[in-house]
Amino acid sequence: MQKERGVVSMLKWPQNFNWYSFAVYRYKVYDVIWRISATACIGAGIYLSVAVVQTWNDSVHRTWLHYARKERERAELMEYIRQAREKGILPPSKVHGFE
């Protein structure tokens, strides 16, 4: 008898269930999932934007360091050439007014 009562109550639960309350909670869960997804997308966009800016900045800095080193080495080489010409080791330049 007890088993039959359990089976009958299991078959009647859809009639006694509050479907409106279930729908409200379901939409509340959907709203939370939507907020989390939107926040994650916005956060990912900000993160990627910052990463692009930092990468760009590093690239510009590396280019500047390369240029500065190249100019310093060129100036040192020009100084060595000038000293060698003053000592007579190298002949005078055919190009005048060029540095």
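Here Thr39 contributes atom OG1 and Trp34 contributes atom CH2; the two are 8.0 Å apart, rounded to the nearest 0.5 Å. Annotation: the span from Thr55 atom OG1 to Leu48 atom CG amounts to 10.0 Å, rounded to 0.5 Å. Atoms OH and OH, from Tyr25 and Tyr30 in turn, are 16.0 Å apart once rounded to the nearest 0.5 Å. Between atom OG of residue Ser37 and atom CD1 of residue Ile42 there is a gap of 11.0 Å, rounded to the nearest 0.5 Å. Remark: His61 NE2 to Gln54 CD distance equals 13.5 Å, nearest 0.5 Å. One distance of note links CE of Met78 with CD1 of Ile81; it measures 6.0 Å at 0.5 Å rounding.
Arg69 places a side-chain heavy atom less than 4.5 Å from the side chain of His66.
The existence of a salt bridge linking Glu73 and Lys70 is excluded, since no basic side-chain nitrogen approaches an acidic carboxylate oxygen closer than 4.0 Å.
With hydrophobic clusters built from ILVMFWY side chains whose heavy atoms lie under 4.5 angstrom apart, Leu90 shares a cluster with Leu77.
Ring geometry, Trp19 versus Phe17: the interplanar angle exceeds 60°, so the pair is classed perpendicular (tilted spans 30 to 60°).
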